[in-house]
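Counting starts at 1 for both ligands and their atoms, following the listed order.
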Amino acid sequence: MRATMMDFPLTLAHILERAGRLFPESEIVSRLPDGSLHRHRYADFHRRAGALAGALAALGLSRGDRVATLMWNHHAHLEAYFAVPCAGGVLHTLNLRLPPEEIAWIANHAGDRFLIVDDVLLPIADRMRGQVRFEKVIVVPLAGSAVPAPCLNYEELLAARPPFEPPALGEEDPAGMCYTSGTTGRPKGVVYSHRSLVLHALASALPDVMGIANADAVCPVVPMFHVNAWGLPFSATLVGAKFAFPGPHLDPVRLLDLYEAERVTLTAGVPTIWAGILQALDREPARWKLSPGMRMVVGGAAAPESMIRAFDRHGLRVIHGWGMTETSPVAAVNYQKRGPASSDPDEHYALRAKQGLPLPFVEIRAMTPGGEAPWDGATMGELEVRGPWIAGGYHDPGDEAAQWSADGWFRTGDVVTIDARGYIKITDRIKDLVKSGGEWVSSVDLENALVGHPGVADAAVIAVPDVKWGERPLAIVVPKAGEEVTEAALREFLAPRFARFQLPDGFVFVPGLPRTSTGKVLKATLRDEYRSWKGGSGDA
Ligand code: AMP
């Protein structure tokens, strides 16, 4: 017996062709640096992506060559997302928020040949000069700036419309690469294949994942330089959805204006973005007429329960998801599955604040030193995952030590519980756990509870050394502007929800927390700063 199906490769070329053929009318709206809105349709996107692929081939792009981008979220970046892999190259999105010398290190490590850069970001490219050598630099004149020699003008390259002979792509061919955010240690490169990106796009468009439909208007706030904007450029194009790209304008008011003007139904970003949006909505609840039930995918850091509740009050639906650069990134998403549902609102929100259920084809387990943790919602273990869009190695094999188990599972470094119904709850990064007198204290639980206090804007909990207990939790709290919060009030607020040993020993008040360019709190920096903390509550 043999299967008699065609051997048909899963490639991004199919998604691009389908988009041009079936959805030529779908819109792509981008906010430009001057604040105006630029409008294209998929027919333009398809034609221009083909022209860019032809231009790259004419410039000498060979199979597997890396093309770096230094760009905001907009139509031209979407063109590069498809043109580079469809020309046989590898799209390498550079994180423009990193220090230029770090970007240069990453570009050198990846071996990037060409760079496509927004004109408004040329000052960053200039600061990398001398540290990295791209053979060609292609400038997108987004703001209409003159393109300095010897750079090439993106629009002129496309206008020349060089003929393009698409290469025969295999589904295992490399298509994209991203670097981890490297909160500790240097960043590591992950290379995605056509197949992994296609399967990830298919699975993340499913109704219980992001539920992306042709009728949706999708606004990726998560940058296209951060793990492929969680795959939205691929999954939304796959179904022919409308795009509303924010360009460089990520402030809450501009985003809310865009949501309203373009009738956005699905948006995605890290919790810090939503905290700002929530404050704007709370300040002026009647100002924006948003699509009722607009879905907001939140990931990259934990979505606090209080945030999910607050958006519900505005008629907006938070969808909590979990992932990593190494998992393409979407690996788990929270939705209410069939089965006994609690009518108790507290239980409902406690469930929605979990990171959710694994996507189809993603397998999970939580490992303890004694073996696999039971799915009891209480036993903590390190989350390990495997699946077709989970990395099986790094670009640099030298980075791989200890990251994969002997039987091939990827060790995430996240500590979780998994409950009897399969919902994952992240309690910490392994290196951020607080171990007090032999008991684990979850910093994430304390942080989520603290930001639920009406006077608290942001909070981080870290371990500080303690002679008696080994480590004790210390809360670093950012009060909301104009609010008075005291240590006593916070203690009283937390006390009913935590065991005594879990409560922080101290509360330090600061004006802001150090964060990575992708919104994660730099706990290593805080641990260094407060290593010898001996009491005192800091500045309010
Ligand atoms: P990155 O590779 O930069 O996207 O970072 C991945 C890490 O972000 C994960 O290993 C988690 O520690 C953290 N993370 C991502 N999503 C969530 C979430 N929903 N809740 C808590 N932590 C998250």
Answer yes or no for [X]: is there a heavy-atom contact with ligand 1 below 4.0 Å?
| X | value |
| --- | --- |
| Gly413 | no |
| Ala303 | no |
| Asp414 | yes |

Counting heavy atoms only, which part of [X] comes closer than 4.0 Å to ligand 1: side chain, backbone, both or neither?
| X | value |
| --- | --- |
| Pro329 | neither |
| Thr325 | both |
| Met324 | both |

Notebook entry, point to check: Of Tyr81, Tyr179, Phe134, which meets ring-ring contact (aromatic ring centres under 6.0 Å, His included) against His92?
Noted result: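 It is Tyr179; the other options fail the test.
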So, [X] and [Y]: side-chain donor and acceptor under 3.5 Å apart, yes or no?
| X | Y | value |
| --- | --- | --- |
| Thr379 | Asp376 | yes |
| Lys523 | Ser443 | yes |
| Asp118 | His77 | no |
| Tyr192 | Ser328 | no |
| Asn95 | His226 | no |
| Asp414 | Trp322 | yes |
| Asp407 | Ser405 | yes |

Notebook entry, point to check: Is the CZ atom of Arg317 crowded by more than 12 outside heavy atoms at less than 6.0 Å?
Noted result: no
What protein heavy atom sits nearest [atom], and how far off is it?
| atom | result |
| --- | --- |
| atom 3 (O) of ligand 1 | Ser181 OG, 2.9 Å |
| atom 19 (N) of ligand 1 | Gly321 O, 2.7 Å |
| atom 4 (O) of ligand 1 | His226 NE2, 3.6 Å |
| atom 20 (N) of ligand 1 | Gln355 NE2, 2.9 Å |
| atom 6 (C) of ligand 1 | Gly323 O, 3.5 Å |
| atom 8 (O) of ligand 1 | Lys520 NZ, 3.1 Å |
| atom 16 (N) of ligand 1 | Gly300 N, 3.0 Å |
| atom 21 (C) of ligand 1 | Ala302 N, 3.3 Å |

Notebook entry, point to check: Just checking, Arg411 and Trp404: is the charged tip under 6.0 Å from the six-membered ring centre and within 45° of the axis?
Noted result: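 No; the conditions do not both hold, so Arg411 does not lie above the ring face of Trp404.
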Note to self: Distance under 4.0 Å to a non-hydrogen atom of His320: what atoms of ligand 1 satisfy this?
What the structure shows: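 This gives 18 (C), 19 (N), 20 (N) as the contact atoms.
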Notebook entry, point to check: Counting heavy atoms only, which of Ala301, Ser517, Pro304 comes nearest to atom 17 (C) of ligand 1?
Noted result: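 Among Ala301, Ser517, Pro304, the closest heavy atom to atom 17 (C) of ligand 1 belongs to Ala301.
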